[in-house]
Chemist: 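This is the structure I want to talk about, given as structure tokens.
Sequence positions, counted from 1, serve as the residue numbers for this chain. The analysis underlying the following values was restricted to heavy atoms, covering all of them including side chains, and did not include hydrogens, waters or symmetry mates.
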Amino acid sequence: MPAGDAAARRRQLIPFAALSAGYFAHIGFFNPYLPLWLKEMGFGLLAISVLTSVQSATRLFAPYGWGWLSDHTGERIKLLRYCATTALAVSVGLWFELSPVWLGVVLLVMFTHTSAMMPMSEAAMAHLVSHSGTFDVRSYGRIRLWGSLGFLLTVFVAGAWFEARGMKDFPAWTALTLAAVTVAVWRLPDLKEALPAHEARMPVAPVLRQRAVQWFFAAAFFHVLSHIGIYVFFSLYLDSLGYSKTMIGVLWAVSVIVEIGWFFTQSRWLPLLSLPAWLVVSSAVMALRMGITATAASVLAALLLAQALHAITFATHHTVCISLLSQHFPGRLRGRGQALYTVVAYGFPGVLGGIAGGLLSTRFGLVSVFWASVVTSLIATAFAIRIWRLPGRTSAASG
């Protein structure tokens with residue numbers, strides 16, 4: 001690629017880095033502390049699990065709807081701007097004292113617009129981090145690590161803030177971080193993909209009939225289902241063990257620090273194995289992480305080790321999945337591929353894991369959620385092995 005084209009591409013990627021930072025800064029405080037805010041408002045474990053599952057419920061329909069629209073119009077940036085602005089406006093509802101039903105409605109509308117933002121952003125960015133049809137994990141990692149930095153900042157600062165002032169400022173944090181997201185999307189280059197008309201009409205069904213794609217989605221479903229114990233119940237679990245909100249923030253921060261390190265250096269490590277082999281490693285390590293969390297969470301050193309494994313269980317797994325999606329869903333299929341991944345790997349697991357985890361924790365205690373995650377991690381490992389054993393499996397990612 002000529003130096004001038006490379007420099008222009010880098011300039012186009014900078015706003016995507018800002019969006020990643022803003023979006024995950026929002027997620028970095030919202031997801032870990034939403035359960036604690038709901039608890040302080042007097043909700044029980046089952047109500048908390050249902051309300052926190054609303055985000056996952058929107059991932060059952062919103063990402064594919066927005067992905068289909070963005071694929072057929074090519075207007076991913078305009079749709080991102082609409083989603084961010086609407087989510088910010090709706091978040092005002094969190095300032096009011098609402099019944100569980102109305103709070104669920106506010107979260108439903110807000111998440112309907114935010115849950116599709118990263119799939120559309122990833123799809124819009126994909127052609128900028130691909131060269132000659134090959135996904136460049138180095139460029140992608142350098143963009144994605146800004147999201148990890150945003151998450152790290154808010155999960156740590158919010159933990160200390162809520163420890164000192166209580167959870168009453170949660171709505172203000174929501175509005176502030178969504179405002180940052182809105183500013184970022186309005187600074188994205190207003191690029192519209194100009195592809196031949198036949199590509200705009202490309203059907204997704206033939207891709208979904210491929211055995212490798214079917215096993216991939218099955219493995220992703222069970223892998224992310226294993227993570228739900230962390231996303232929904234980890235903060236509550238630590239709180240029940242006597243950890244302070246500041247320490248809860250620190251433990252979340254540890255996982256993000258190692259995630260940043262991986263994203264920054266992943267181009268060195270990913271070529272060592274094929275992409276399906278990395279899926280196997282990620283899910284096997286996930287089983288180990290959940291086992292440590294279930295058996296030794298009262299030992300800080302063991303818990304720190306478990307959180308450090310996030311570099312493999314999330315960062316490695318995420319990049320591998322995005323790389324495989326880029327290969328299986330090229331061109332105008334990108335939006336629907338990313339959306340399907342969000343629906344299958346985050347929507348269904350989030351709803352199932354949140355509700356089932358609430359029932360499990362109510363009956364058997366919070367630790368039971370993490371034992372269940374050990375089982376689902378092993379199932380994900382088995383499906384990943386099936387992908388790895390397929391003939392002509394995908395080679396290592398490009399650095």
Side-chain angles (χ1 to χ4, degrees), residues 56-80 83 112-113 115-127 129-130 132-135 140 192-225 274-276 279 283 317-352 379-380 382-395 397:
S56 297
T58 62
R59 288 171 174 165
L60 298 177
F61 61 89
Y64 195 81
W66 291 116
W68 179 90
L69 188 60
S70 67
D71 276 347
H72 283 74
T73 64
E75 297 284 8
R76 306 190 199 279
I77 304 304
K78 284 185 171 63
L79 292 172
L80 279 168
C83 286
T112 296
H113 290 84
S115 63
M117 289 187 64
M118 277 301 101
M120 282 195 290
S121 174
E122 299 273 11
M125 185 176 62
H127 72 287
V129 295
S130 298
S132 302
T134 301
F135 190 80
Y140 176 77
K192 179 176 180 178
E193 295 182 49
L195 294 179
H198 73 278
E199 289 198 28
R201 295 191 297 269
M202 288 178 67
V204 73
V207 179
L208 297 178
R209 286 195 287 268
Q210 296 174 18
R211 185 59 58 86
V213 174
Q214 294 170 355
W215 287 123
F216 164 73
F217 280 125
F221 171 86
F222 282 100
H223 185 94
V224 178
L225 181 60
S274 68
L275 296 175
L279 285 182
S283 295
H317 184 264
H318 181 73
T319 296
V320 168
C321 287
I322 297 301
S323 298
L324 289 171
L325 285 169
S326 180
Q327 295 174 11
H328 290 304
F329 297 90
R332 281 288 176 89
L333 290 173
R334 281 201 301 267
R336 281 165 286 175
Q338 292 282 351
L340 282 169
Y341 173 65
T342 302
V343 170
V344 173
Y346 287 91
F348 285 109
V351 173
L352 176 61
I379 296 173
F383 283 130
I385 290 172
R386 294 296 298 267
I387 302 170
W388 179 62
R389 287 180 174 175
L390 285 174
R393 58 183 181 267
T394 308
S395 61

Chemist: Of the non-hydrogen atoms in F329 and V213, which two are nearest, and what is the gap between them?
Modeler: CZ-CG1, 4.2 Å
Chemist: Do L208 and L340 have side-chain heavy atoms sitting under 4.5 Å apart?
Modeler: yes
Chemist: Where do P349 and L225 come nearest, in terms of heavy atoms and distance?
Modeler: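 That closest heavy-atom pairing would be O-CD1, 3.5 Å.
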Chemist: The test is side-chain contact (heavy atoms from CB on, under 4.5 Å); show your working for I322 and T319 and say whether it passes.
Modeler: CA-CA 5 Å; I322 297 301; T319 296; 5.8 Å; no
Chemist: Using the test side-chain contact (heavy atoms from CB on, under 4.5 Å), find all partners of L79 that sit at least two apart in sequence or belong to another chain.
Modeler: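 Partners of L79 by the side-chain contact (heavy atoms from CB on, under 4.5 Å) criterion, ordered by chain and then number, come out as W66, L69, S70, T73, M120.
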Chemist: Working to the nearest 0.5 Å, report the span between NE2 of H318 and OG of S323.
Modeler: 9.5 Å
Chemist: According to side-chain contact (heavy atoms from CB on, under 4.5 Å), who are the partners of A57, at least two apart in sequence or on a separate chain?
Modeler: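 In terms of side-chain contact (heavy atoms from CB on, under 4.5 Å), with neighbours along the sequence ignored, A57 is linked to V351.
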Chemist: Which heavy-atom pair separates A219 from A380 by the least distance, and what is that distance?
Modeler: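 Heavy atoms of A219 and A380 come nearest at O-CB, 3.7 Å.
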Chemist: Can you list the residues that meet the side-chain contact (heavy atoms from CB on, under 4.5 Å) rule with Q214, with sequence neighbours excluded?
Modeler: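 Here the qualifying residues are R211.
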Chemist: Applying ring pair (Phe, Tyr, Trp, His ring centres under 6.0 Å), name anything that partners Y341, two or more places apart in sequence or on another chain.
Modeler: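 By the ring pair (Phe, Tyr, Trp, His ring centres under 6.0 Å) rule, Y341 matches Y346.
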Chemist: I need the minimum non-hydrogen distance between Q327 and L275, along with the two atoms involved.
Modeler: NE2-CD1, 3.7 Å
Chemist: With side chains defined as the heavy atoms from C-beta onward, is the minimum distance between C321 and L279 less than 4.5 Å?
Modeler: yes
Chemist: To the nearest 0.5 Å, what is the distance between CD1 (I379) and CZ (F222)?
Modeler: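 Answer for the CD1-CZ pair, I379 versus F222, is 5.0 Å.
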Chemist: Drop me the distance from M117's CE to T342's OG1, to the nearest 0.5 angstrom.
Modeler: 12.5 Å
Chemist: What residues, two or more places apart in sequence or in another chain, satisfy side-chain contact (heavy atoms from CB on, under 4.5 Å) together with F348?
Modeler: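 Expected list: L60, F221, V343.
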Chemist: Looking only at non-hydrogen atoms, find the nearest pair between R59 and G347 and report the distance.
Modeler: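 Result for this residue pair: CB-CA, 3.4 Å.
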Chemist: Check ring pair (Phe, Tyr, Trp, His ring centres under 6.0 Å) between H317 and all other residues, then give those that pass, not counting sequence neighbours.
Modeler: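 By the ring pair (Phe, Tyr, Trp, His ring centres under 6.0 Å) rule, H317 matches H223.
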